[in-house]
Engineer: 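Here it is: the structure, laid out below.
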Amino acid sequence: MADSLYANAVIGEASLRNDPRGSEFAIAVALAFYVTGCVLVVTTGPTFGALHAFAAFVVLTAVGALNQLLPVLTHAPNARGGIVPVIASGFAAGFILLVAGFYGAPSFAAAAVVLATSATLWVAWSIVRLASGREEGRTRALLAIALAAFFTAGGIGAAMAGQLGGMWRLSFLGIAPVHAMLAIGGFAGMLVITISYRFVPMFAIAHADGYGRWGAAWAAALGILVAAVSFAGSAIGARIGLATIVLAFLAIGAQHLKTLSSRLRARLDVSLQYGRVAWLFGIAAATAAFVGTWFPALFPPAIVLAILGWLSITILGYAYKIVGFLTWQSAKARLPAARLPALGSAVDLPLAYGALILMAIGAPAAAALMPFASRFAQMGFDLYAVGGIAAVVAIARLAARYLFTSEGERGTEIEHRATR
């Protein structure tokens, strides 16, 4: 019974499931950008080009994941199969142009147009779907906040790209911190927080009351807004906002631990192990940003801790489940009589945990050494990149277990336990 409820909670009842191919495409492209970011951070260092390759990973993962999760979490309408690949392709083209621009190509102006168009279409479409949802009012409200932050951050980013591309003379570079705060905290951060409120109890098969106090999530959203607005000129406001974020993150972390302590599973799922490590990075990133209002040299390490640590490790961890469920769903649609392997046994755990260890060592090493010894910080980035690529390989191997299965193959467990 628990297995059945768990499966429905994550991939939804049959009537709520989107065609998984659109989400699979978006997440596959997202992982390609993540690998690109890892390669760039090794070959060129922590440049703006590498940073925005990781940004593309976050955005495209959100496009793929929300497409599948909105009907399940909020009972929003299912999407037509071809919409998500078109939106994902638009973002992919825009980010390729943007990353190329940071490495000398004359592509900033084109990137501004393509990314602004893609962001407008995706946000408008997603808001309409959220408004059509019939469940989870708090979840829909927080997701709407995340999408509004993304739209604003995207607008600022497009304006800066347009300036770099010579489209206008107005300078927007002075509000780059606002862009970063809204993109990292307001968009990606609020998505991670909101989805974690649902995923952590699901993945642990735990009582959800530990994650039932939504006040911390609202406090985080308020702190992010105050900090973002204040970065335009008020150090005191930025400190108040960032202090609020630190306190909210500590409260959410405590809720996270309480939820895990009530789990029914004997062992923590690999996704939750990634999430537990990632949350430490989130608290560290917020703390570094807060202290950075006195010591600005800590802002770049805060960004490293947030993007490479908190956001990327969380997304990679959740990807083991999301990619597994999507490809399992595709395999069942293609081979309804097949007995597919259980998801828990399909993950290469030594590879997944080895990747996590490398990332968990590399990211803080790079962040800690950046202000003082950039040459040695590169060793941390190199270590992180090896771990990140290994995690993508583990996710790809998981997907291949289902995508390339055949009718004659025998799974390790019967069908109704394939989502364990």
Side-chain angles (χ1 to χ4, degrees), residues 25-65 87-108 110-112 114-116 118-119 122 150 153-154 156-158 160-161 164-165 176 179-180 182-184 187-189 191-192 278 281 285 300-316 319 355 358-359 362-363 366-367 370 377-378 380-393 395-396:
F25 173 79
I27 293 174
V29 177
L31 291 172
F33 270 104
Y34 180 77
V35 171
T36 300
C38 288
V39 171
L40 289 176
V41 83
V42 169
T43 56
T44 67
T47 62
F48 281 114
L51 172 67
H52 285 83
F54 288 115
F57 160 65
V58 174
V59 171
L60 283 159
T61 303
V63 171
I87 293 174
S89 296
F91 275 123
F95 276 110
I96 288 171
L97 292 168
L98 184 62
V99 172
F102 284 115
Y103 288 104
S107 55
F108 278 123
V114 174
L115 286 174
S118 300
W122 181 57
F150 174 75
I156 296 172
M160 290 190 293
L164 293 172
H179 165 74
L182 289 174
I184 296 172
F187 168 59
L191 277 183
V192 165
F281 281 109
I303 292 174
V304 169
L305 291 170
I307 295 180
L308 300 190
W310 179 37
L311 298 177
S312 292
I313 292 178
T314 298
I315 292 170
L316 290 170
L358 291 174
M359 290 187 289
M370 280 180 74
Q378 185 59 48
F381 286 117
D382 295 346
L383 195 64
Y384 176 89
V386 173
I389 293 173
V392 173
V393 171
I395 293 168

Engineer: At their closest point, which heavy atom of Ala112 faces which heavy atom of Ala161, and how far apart are they?
Structural biologist: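 For Ala112 versus Ala161, the nearest heavy atoms are CB-CB, 3.9 Å.
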Engineer: Looking only at heavy atoms, what is the nearest atom pair of Ile27 and Ala65, with distance?
Structural biologist: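 It is CD1-N, 4.4 Å.
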Engineer: Taking all atoms of both residues into account, what is the closest heavy-atom pair of Ala391 and Met359, and its distance?
Structural biologist: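 Result for this residue pair: CB-CE, 4.1 Å.
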Engineer: Atom CG of Leu115 and atom CZ of Phe108: how far apart are they, to the nearest 0.5 Å?
Structural biologist: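 Here the interatomic distance stands at 11.5 Å.
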Engineer: Which atom pair, heavy atoms only, marks the closest approach of Cys38 to Ile389?
Structural biologist: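 Looks like CB-CG1, 3.9 Å.
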Engineer: Under a 3.5 Å cutoff, is there a donor and acceptor pairing between the side chains of Thr44 and Tyr103?
Structural biologist: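 Looking only at side-chain atoms, Tyr103 and Thr44 do form a donor-acceptor pair, the distance falling under 3.5 Å.
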Engineer: Can you tell me if Tyr384 uses its side chain to pair, donor with acceptor, with the backbone of Leu308 under 3.5 Å?
Structural biologist: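 Yes; at least one donor-acceptor contact below 3.5 Å.
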Engineer: How long is the span from the CZ atom in Phe57 to the OG atom in Ser312, to the nearest 0.5 Å?
Structural biologist: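 If we round to the nearest 0.5 Å, Phe57:CZ and Ser312:OG are 5.0 Å apart.
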Engineer: Are Leu316 and Leu31 close enough that some pair of their side-chain heavy atoms sits under 4.5 Å apart?
Structural biologist: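 Side chain of Leu316 against side chain of Leu31, heavy atoms only: contact under 4.5 Å found.
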Engineer: Could you pull out the closest heavy-atom pair between Ala116 and Ala158, with the gap in Å?
Structural biologist: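 Scanning both residues, the minimum pair turns out to be CB-CB, 4.0 Å.
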Engineer: Just verifying a value: how many Å separate Leu97 CG and His52 NE2, rounded to the nearest 0.5 Å?
Structural biologist: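 Answer rounded to 0.5 Å: 13.5 Å.
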Engineer: What heavy-atom pair brings Gly387 and Leu358 nearest, and what distance separates the two atoms?
Structural biologist: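 For Gly387 versus Leu358, the nearest heavy atoms are CA-CB, 3.7 Å.
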Engineer: With a 4.5 Å heavy-atom cut-off, do Leu40 and Thr47 have their side chains touching?
Structural biologist: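 No, side chains not in contact.
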Engineer: Are Thr314 and Phe281 close enough that some pair of their side-chain heavy atoms sits under 4.5 Å apart?
Structural biologist: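 The answer is no; the side chains never approach within 4.5 Å.
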Engineer: Look only at the side chain of Gln378 and the backbone of Val41, and say whether a donor-acceptor pair between them is shorter than 3.5 Å.
Structural biologist: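 Checked: pair present.
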Engineer: Using the ring of each side chain (for Trp, its six-membered ring), is Phe150 parallel, tilted or perpendicular to Phe187, with breaks at 30° and 60°?
Structural biologist: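 Because their plane-to-plane angle lies in the 30° to 60° range, the rings of Phe150 and Phe187 count as tilted.
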Engineer: Check whether any side-chain N or O of Ser118 sits under 3.5 Å from a backbone N or O of Ile87 as a donor-acceptor pair, and report yes or no.
Structural biologist: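 Flag not set: sc Ser118 to bb Ile87 has no pair under 3.5 Å.
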Engineer: Please work out which of the three classes, parallel, tilted or perpendicular, describes the rings of Phe95 and Phe33, given edges at 30° and 60°.
Structural biologist: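 If you compare the ring of Phe33 with that of Phe95, the planes turn out perpendicular.
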Engineer: Would you say Val99 and Phe102 make side-chain contact, with heavy atoms under 4.5 Å?
Structural biologist: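 No, side chains not in contact.
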Engineer: Distance check, rounded to the nearest 0.5 Å: Trp122 atom CH2 versus Leu60 atom CG?
Structural biologist: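 Answer rounded to 0.5 Å: 9.0 Å.
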